[in-house]
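Beneath this line is the structure, given in C-alpha cells, with notes to follow.
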Amino acid sequence: MNIQVGLQQGGLLFSRRQAQQVCSTHATVRWPQPQQVVQHRCRDVLVAAGRTGDRRQTPAQRRGFGQPQRPQKPAPEQNLEDEEEDDMQGESVPERSEYQVYRDPDYKPHRFIGNIQIAQIPGRGRGLVATQETDMGELLVTSTALARLPGAWQKLPPEPEELHMSWLEDGVTAAQRRVLDVLYDGTEASMARDASLATLDPKFWSSRGKNDPQAPQVSSGRLLSIIQSCSCSDSQQDGAAMAVRHQKPIGFIGLWAEHSLINHSCAPNTSAIVVEDRMLIHSAQPVEAGEELTRNYSGPAATMPAPQRRAALKEMGMDFHCNCPRCTLEDQVGEDVQEILQAAYLWYSEEALPRFNAANESEDLSVLKGLLEEAETLVVELEATVDAQPELSELERTMLRASAYDTYDMVVVCSELIFQERCSAEPLLQCLELLMLIAPGGEAHAAVSLKYHDLLTNRHQMMEAMIKQGTISRTEENKEMWVRLTEEEKMSQEYFIQAWVSRYGYLRNSTFLALREGFEMYTEGMEQMSLMAAAGQTEKSTDYVINGVTVSVVDKADLSTGGQAGEEEVSSSSSNGVRFSLIQQESAETETELVSQEAGEQGLGDAQEFTHEGLEEGQQGVQVQVESPQQGVDETAGAEAVPVKAPRQLRVKRKQR
C-alpha cells in the first residue's frame with residue numbers, strides 16, 4: 001500500500017497510477033450535482049488548446065493582450081518545428097511569447113503588465129484591480145524578482161532572514177531602493193505611499209545611474225520587515241515546467257513587487273507560478289472590471305474552517321482579520337453549520353489522519369474501511385446541515401463545503417484503496433469542484449482535474465471497446481449508460497482544460513501537451529521516490545547486458561551522486577560541464593566501477609563519448625555515451641535508449657580475470 005498523503009495549496013496530489021484506474025459508479029453517499037460549467041468559455045478554451053476544429057478566436061485574442069512586448073528571437077527547436085507540427089494538425093491559435101519560459105531554460109521573458117492598476121480598496125488598503133472584464137486564464141503579470149534565494153531539493157524553502165542576509169551581501173542597488181521604498185513594511189505609513197506599476201520596475205530608474213543620489217535609503221531593519229511582509233516562498237517551483245526544462249523544481253524565497261500588492265482572500269481569483277526568477281500571474285476566475293485581484297495567504301489552511309484559517313494568518317504574522325466573502329459567510333451561518341465544520345476538522349486532524357498513517361504503514365485494510373464509513377457519515381451530516389440553510393446560493397453552499405475539504409478528500413482516498421476499480425468517480429468530482437473555489441489554478445487543482453479526466457476517459461474508452469467487440473448488448477439501459485458516460489467524459493475534459501488554463505494560460509497544443517507530459521513525469525517520479533522512501537530504499541536498479549558487460553541503471557531516491565566512504569573515486573570532466581567519476585569497489589568475486597554523471601552549470605550538450613583512462617594496467621576502458629537530457633534519454637554504447645525520469649548512475653560490473 002504505502003500511499004503517501006500530502007496537501008499542496010489545499011489539495012491532495014494523487015498518484016498517476018490511481019488516475020489511470022477505470023472506475024464504475026459505487027456511490028454510498030448523496031453527492032450534490034456539479035456546478036454548472038460555463039459552456040461557451042470552455043468551448044473557447046478547447047479551441048485554444050487545439051482540441052476542436054473551430055476557428056473562432058477566444059475573447060482574449062479578440063481584445064489583444066495589453067501592452068506590446070519587445071520582440072525576442074524564438075528558440076528554433078521550440079518554435080519553428082512546433083509551428084510546422086501545429087500547421088499539420090490544423091492549429092492556428094497564437095501563443096504569448098512569455099510562455100516560451102515553460103520550455104526553454106535560456107529564455108527570459110520581459111516584464112508584462114496586463115489590464116490592471118493599483119487602487120485603494122475600502123477597508124483593505126492598497127491593492128490591484130482589473131481595469132476591464134478579464135477572462136479566466138488571461139496573463140495579468142510577468143514579473144522578475146527584486147531578489148531571490150534558491151533553496152534545496154525536497155527541503156523547506158529558505159527563511160526571510162536568509163534572503164535578507166544574502167541581499168545585504170550582494171548589495172541593494174539604488175533602483176531596488178526606489179522600488180522597496182513604496183512596498184509594505186508592516187506600518188500604516190507604508191500603505192499610504194504613492195506607487196504605480198510603472199515605477200515598480202527597477203529598469204524604470206536605470207536612467208538615473210547606479211549612484212542615484214536621490215534614491216531613498218532603506219535600513220537593514222526595514223528591509224527585513226519588507227521581506228517578511230511581501231516575500232513569498234515555496235518548497236518547489238512549478239513541477240511541470242521544470243520537468244519540461246529538465247531542471248529540478250527546487251524551493252525558493254523571493255520578492256516580486258507586483259505580487260506583493262495582491263491582497264488576501266480565502267476564495268482567490270488569481271494563480272501564480274514561479275519558474276526560476278520569473279513569476280507569471282493569471283486570472284484563475286473570470287474577473288469583472290473594477291473587481292479586486294486576490295490570492296491566498298494561508299496555504300494549506302485554505303481547506304480548514306474560518307477560525308483555523310484566521311489563526312494560521314495570525315501565526316504567519318498577518319495583522320488583519322480576514323473578512324473575505326467566504327469567512328463572512330461562515331460567520332453569518334447558523335451555529336449548527338459552524339459546529340459540523342469544526343467537528344469535521346477535528347475528526348480529520350486528530351483522529352483520521354493519524355489512523356490513516358498507521359494503517360498505511362501496517363497495510364491494514366480494516367482501518368481504512370472504518371475511516372471511510374466515518375468520513376461518509378460526516379459528509380452526509382454536513383450535506384444535510386448545509387442544505388437546511390435557507391436562501392443560500394449554490395456558490396455559498398460550496399464555500400461552506402470547502403471548509404471540510406479534508407473530509408471529502410478522505411472519502412476519495414479510502415474508497416480508491418478499498419474498492420479499487422469499483423470506486424465511484426463522484427467524490428473525486430466533488431473535491432475538484434471545491435478546489436476550483438479555494439485553490440483555482442493551484443497544483444492540486446491541476447492534479448485532480450487530470451486525474452478525473454483520465455479516469456472518465458478510460459471508462460469511456462473501455463465501454464466503447466466493449467460495444468465494438470459486442471461484449472455488451474445494445475439494450476436501452478446500456479444506451480442510456482453510454483450517453484451518460486459520454487456526457488461525463490466531455491464534462492471532465494472541460495474541468496481539466498479549465499484547471500490548466502487557469503494555471504498556465506492559453507497555450508498552443510504542443511506546449512500544452514509538453515506540460516502535461518512533464519506534469520505526469522514529475523508526479524510519477526515523486527510517487528516513486530515516496531514509495532522508495534516508505535520502503536526504506538535509497539535506490540532502485542535495472543540491469544542491462546551490453547556487449548557482454550552487465551550495466552545497472554540506478555534511480556536514487558535522494559537524487560545525489562558520488563561515492564561512499566572508503567571508496568576510491570577518480571573523476572574526469574568534459575568541456576561542456578559533464579563530470580564522470582569512477583568508483584572502484586573490490587570484492588572477492590567482482591569489481592564494480594560506478595560511473596556517475598553530474599550536469600555542470602551549462603547542462604549536458606550534444607552526445608559525447610568518454611573513455612576513462614585511470615584503470616589499472618591491462619584493464620579495458622569503459623566507454624559511455626551520454627545524450628543531452630533535452631532529448632529525454634540516456635544511451636550506453638550498443639544499448640537501446642532508456643527513458644530518463646531522474647538523474648541516473650551507471651554501475652558497470654565486470655568479472656575479475
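Not measured: the values here are computed from a predicted model. The figures here come from the full heavy-atom set of this structure, side chains too, leaving out hydrogens, waters and symmetry mates.
- Residues I340 and L378 meet the side-chain proximity criterion, which asks for heavy atoms closer than 4.5 Å.
- Judged purely by atom type and a 3.5 angstrom limit, T511 has no side-chain atom pairing as donor or acceptor with the backbone of L507.
- A 4.5 Å side-chain heavy-atom check between Q285 and S502 finds every atom pair outside the cut-off.
- Applying the side chain to side chain donor-acceptor pair (under 3.5 Å) definition to pairs two or more places apart or across chains, those involving residues 326-335 are R309-E330, R310-D331, R326-S403, E330-S403.
- When atom types are taken as modelled, the side chain of T270 and the backbone of T294 share a donor-acceptor pair closer than 3.5 angstrom.
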- Kindly determine whether Q389 and E396 satisfy side chain to side chain donor-acceptor pair (under 3.5 Å), including the steps that lead there. CA-CA 10 Å; Q389 299 299 305; E396 291 172 328; over 6 Å; no
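- The CD atom of E383 lies 10.0 Å from the CZ atom of R397; values are rounded to the nearest 0.5 Å.
- With S298 contributing its side chain and A301 its backbone, the two residues share no donor-acceptor pair below 3.5 Å.
- Residues L435 and A444 share a closest heavy-atom pair of CD1-O, 3.8 Å.
- The shortest distance between side-chain heavy atoms of M491 and Y452 falls below 4.5 Å.
- When side chains are defined from C-beta on, H282 does not count as touching L140, because their heavy atoms never get closer than 4.5 Å.
- For E351, the CD atom is densely surrounded, since the number of other residues' heavy atoms within 6.0 Å is greater than 12.
- The pair E520-R516 meets the salt-bridge criterion, with a side-chain N (NZ, NE, NH1 or NH2) lying under 4.0 Å from an Asp/Glu carboxylate O.
- Closest approach of N478 to S473, counting heavy atoms only: ND2-O, 2.7 Å.
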- Message: The test is ring-ring contact (aromatic ring centres under 6.0 Å, His included); show your working for W500 and H445 and say whether it passes.
- Response: CA-CA 8 Å; W500 282 60; H445 186 200; over 10 Å; no
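- Residues A284 and M136 come closest through the heavy atom pair O-CG, 3.7 Å.
- Inter-residue side-chain proximity for M279 and C232 is flagged as met; some heavy-atom pair is nearer than 4.5 Å.
- Checked by atom type and distance alone, the side chain of R295 pairs as donor or acceptor with a backbone atom of H259 at under 3.5 Å.
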- Task: List the steps, then state whether side-chain contact (heavy atoms from CB on, under 4.5 Å) holds for F496 with D454.
- Result: CA-CA 9 Å; F496 169 57; D454 285 348; over 6 Å; no
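- Remark: L280 CG to Y99 OH distance equals 7.0 Å, nearest 0.5 Å.
- Partners of A240 according to the side-chain contact (heavy atoms from CB on, under 4.5 Å) rule, which considers only residues two or more places apart in sequence or in another chain, are D238, Y504, L515, F519.
- A heavy-atom distance below 4.5 Å is found between the side chains of R124 and E292.
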- Item | Verdict with supporting geometry, K369 and E373, salt bridge (Lys or Arg N to Asp or Glu O under 4.0 Å) | CA-CA 6 Å; K369 292 180 179 179; E373 182 179 354; over 6 Å; no
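- Among all heavy-atom pairs drawn from I116 and L128, the shortest one is CD1-CD1, 4.1 Å.
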- Task: Determine, stepwise, if the pair I438 / T303 fulfils side-chain contact (heavy atoms from CB on, under 4.5 Å).
- Result: CA-CA 7 Å; I438 60 178; T303 63; 4.0 Å; yes
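- In this structure, CD in E159 is found 9.5 Å from OG in S231, a value given to the nearest 0.5 Å.
- Between H264 and Y297, the two ring planes are tilted [angle within 30° to 60°].
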- Would you please test W347 and L353 for side-chain contact (heavy atoms from CB on, under 4.5 Å) and show each step? CA-CA 8 Å; W347 172 82; L353 192 56; over 6 Å; no
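- E376 contributes atom CD, which lies 12.0 Å from atom OG1 of T407 (distance to the nearest 0.5 angstrom).
- Between P249 and Y522 there is a side-chain heavy-atom pair separated by less than 4.5 Å.
- Distance alone, capped at 3.5 Å, places no donor-acceptor pair between the D409 side chain and the Y405 backbone.
- Checking D364 against S362 by side-chain atom types alone, no donor-acceptor pair falls below 3.5 Å.
- Not a single donor-acceptor pair under 3.5 Å links the side chain of S283 to the backbone N or O of T134.
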- Query: Do F419 and L372 pass the side-chain contact (heavy atoms from CB on, under 4.5 Å) test, and can you show the C-alpha distance, the side-chain angles, and the key distance before you say yes or no?
  - Reply: CA-CA 11 Å; F419 299 113; L372 176 60; 3.5 Å; yes
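- Rounded to the nearest 0.5 angstrom, L485 CG and E489 CD are separated by 8.0 Å.
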- Item | Criterion side chain to side chain donor-acceptor pair (under 3.5 Å) on E433 and Y495, from CA distance to verdict | CA-CA 9 Å; E433 292 174 341; Y495 277 124; 3.0 Å; yes
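- In this model, a donor atom of one side chain and an acceptor atom of the other lie less than 3.5 Å apart for E443 and Q236.
- Once rounded to the nearest 0.5 Å, the distance linking CG of D319 with CG of L313 reads 10.5 Å.
- By the 4.5 Å heavy-atom criterion applied to side chains, M463 and M481 are counted as neighbours.
- Side-chain atoms of T131 come within 3.5 Å of backbone N or O of N115 as a donor-acceptor pair.
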- Carefully, step by step, assess E416 and K451 under the rule salt bridge (Lys or Arg N to Asp or Glu O under 4.0 Å). CA-CA 12 Å; E416 287 182 335; K451 175 184 174 69; 2.8 Å; yes
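- Between R126 and N263, the shortest heavy-atom distance links the atoms O-ND2, 3.1 Å.
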- Message: Show, in sequence, the C-alpha distance, side-chain angles and deciding distance for E374 and R355, and conclude whether the salt bridge (Lys or Arg N to Asp or Glu O under 4.0 Å) test is met.
- Response: CA-CA 12 Å; E374 294 174 22; R355 288 163 56 193; 3.1 Å; yes
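- Listed for the D234 side chain is no donor-acceptor partner under 3.5 Å among the backbone atoms of G251.
- Minimum interatomic distance between C266 and C322 (heavy atoms only, all atoms of both residues): SG-SG, 3.9 Å.
- Panel note: side chain Q420, backbone L417; a donor-acceptor pair is recorded below 3.5 Å.
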